Amino acid sequence: MSSTAVLPAGACPLENYLTQPDHTMDARIAAAREALGKTTLILGHHYQRDEVIRFAGITGDSYKLAKAGAESAADFIVFCGVHFMAESADVLGREGQQVILPDLNAGCSMADMAEIGQVEEAWRQLVRLGLTDDAGAGMTPMTYMNSTAAIKAFCGERGGLVCTSSNAKGAFAWGFARSPKVFFLPDQHLGRNTAFRMGIPLEEMAVWDPFQILGGNTPERLRKARVILWKGHCSVHQRFLPEHVDHVRAQYPGIHVVVHPECRWEVCRKADSIGSTEQILKTIREAPTGTKFAVGTEIHLVNRAAKLAAQQGKMVITLDDSGCLCTTMFRISPKHLCWALENLLEGQVVHRIQVSVEVKRWARVALERMLEIQA
Ligand code: 13P
Ligand code: SF4
């Protein structure tokens with residue numbers, strides 16, 4: 001991870017916060033946020049807990065938050081989300097702006113499934129096979145936002161781009177307009193679901209396993225494939241199964257099943273609609289009174305949506321009744337947020353996320369291409 005954990009002399013130590021109950025932080029967070037005023041923007045992803053997201057100046061999905069950070073004049077961005085989001089905010093941020101991730105352990109297991117060395121090796125093999133040149137003339141490398149800045153830079157340098165779950169379709173169209181093939185990292189499900197919805201049959205997709213020669217494929221298979229999907233997944237969304245869809249439909253006839261595109265293809269095929277976290281919330285908000293929803297995504301979003309929907313005479317339940325929790329999103333606690341803000345008040349930047357200048361250059365190109373494609 002290209003981040004720095006800086007705790008300057010005089011900073012308030014985190015240990016003093018971790019021993020306190022969460023609720024004792026509320027008034028302190030509110031006061032610190034007030035005192036910091038316009039200098040500091042708190043961004044909150046929809047998977048954050050209630051106790052944290054209530055303090056966010058802007059809430060949203062990855063795309064909306066990346067855009068908000070890029071447009072912000074604040075000196076400090078406190079990112080209540082995960083590492084790749086904070087890295088992207090640092091890449092897109094203006095000169096002098098500093099990005100803070102309140103807990104550096106807030107990573108993403110899917111992003112960890114692709115390492116830059118593995119991606120470079122895969123690309124070398126694809127080049128050797130004659131499927132593309134190093135500049136990406138035959139194949140556009142495209143990475144989901146949920147990846148390291150180094151992988152984003154790799155894509156940017158080879159004519160490719162980043163996408164999020166909200167603009168993946170537009171990004172694939174962009175990729176196919178410049179080359180006959182797309183190499184998609186690291187979420188096989190988002191890649192498969194998006195390509196399939198664009199009319200590409202499964203037979204024209206191959207999965208690349210980074211632990212096998214040629215990703216576990218024959219040269220013929222790779223030659224035939226229009227989309228090569230990195231073998232990565234989200235362990236939270238993979239827990240939703242097609243049987244869950246059948247079960248809620250049997251229990252609540254007429255229920256609307258809406259899922260995140262990180263869910264398996266078999267689940268997405270059975271769903272009524274698919275969307276990013278922001279798009280799921282919009283679908284629920286805009287539905288007529290009386291609509292019932294089963295939602296396939298992280299449980300904090302679902303529980304919050306359920307409370308709001310109940311006030312509008314709608315019903316929201318989780319698709320899998322054991323409820324899927326993103327444990328890394330959960331790492332951001334009121335204590336970590338309070339610690340980051342009170343240190344800022346003392347003039348100390350803690351847990352700054354800083355991408356190196358070399359990586360930033362091409363990662364920015366890839367992220368700017370992403371922002372040009374409508375969500
Ligand atoms: P969104 O861009 O839809 O918010 O998704 C981010 C994410 O990590 C979902 O697991
Ligand atoms: Fe990563 Fe999955 Fe958590 Fe999203 S829900 S941040 S993809 S682990």
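When a ligand or atom number is given, it counts from 1 through the structure's own listing order. Just so we're clear, the structure is a prediction, and the values are computed from it rather than from any experiment.
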With a 4.0 Å cut-off on heavy atoms, does Thr164 reach ligand 1? no

With a 4.0 Å cut-off on heavy atoms, is Met145 touching ligand 1? no

With backbone taken as N, CA, C and O and side chain as the heavy atoms from C-beta onward, which portion of Glu262 lies under 4.0 Å from ligand 1: side chain, backbone, both, or neither? side chain

How does Glu278 reach ligand 1, by side chain, by backbone, by both or by neither, if only non-hydrogen atoms under 4.0 Å count? neither

Can you tell me if His260 contacts ligand 1 (heavy atom of the residue under 4.0 Å from the ligand)? yes

I need the contact type for His45 against ligand 1. Using non-hydrogen atoms and a strict under-4.0 Å cut-off, is it side chain, backbone, both or neither? side chain

Any donor-acceptor pair under 3.5 Å from Lys181 side chain to Ile228 backbone: no

Using non-hydrogen atoms of the residue, decide whether Cys234 is closer than 4.0 angstrom to ligand 1. no

Pairing of Lys282 and Glu286 as salt bridge, 4.0 angstrom limit: yes

May I ask you to identify, for Thr297, whether its side chain, its backbone, both or neither come under 4.0 Å of ligand 1 on a heavy-atom basis? neither

Ring geometry between His244 and Phe240 (parallel below 30°, tilted from 30 to 60°, perpendicular above 60°): perpendicular

Counting only heavy atoms not in Glu220 (residues, nucleotides, ligands), do more than 12 fall under 6.0 Å from its CD? yes

More than 12 heavy atoms of other groups within 6.0 Å of Gln212 CD: yes

Give the residue and atom name of whichever protein heavy atom lies nearest to atom 6 (C) of ligand 1, and the separation in Å to one decimal. Ser62 OG, 3.4 Å

How many protein atoms of type N/O/S are positioned less than 2.8 Å from atom 1 (Fe) of ligand 2? 1

Crowding at CD, Gln125 (>12 non-hydrogen neighbours, <6.0 Å): yes

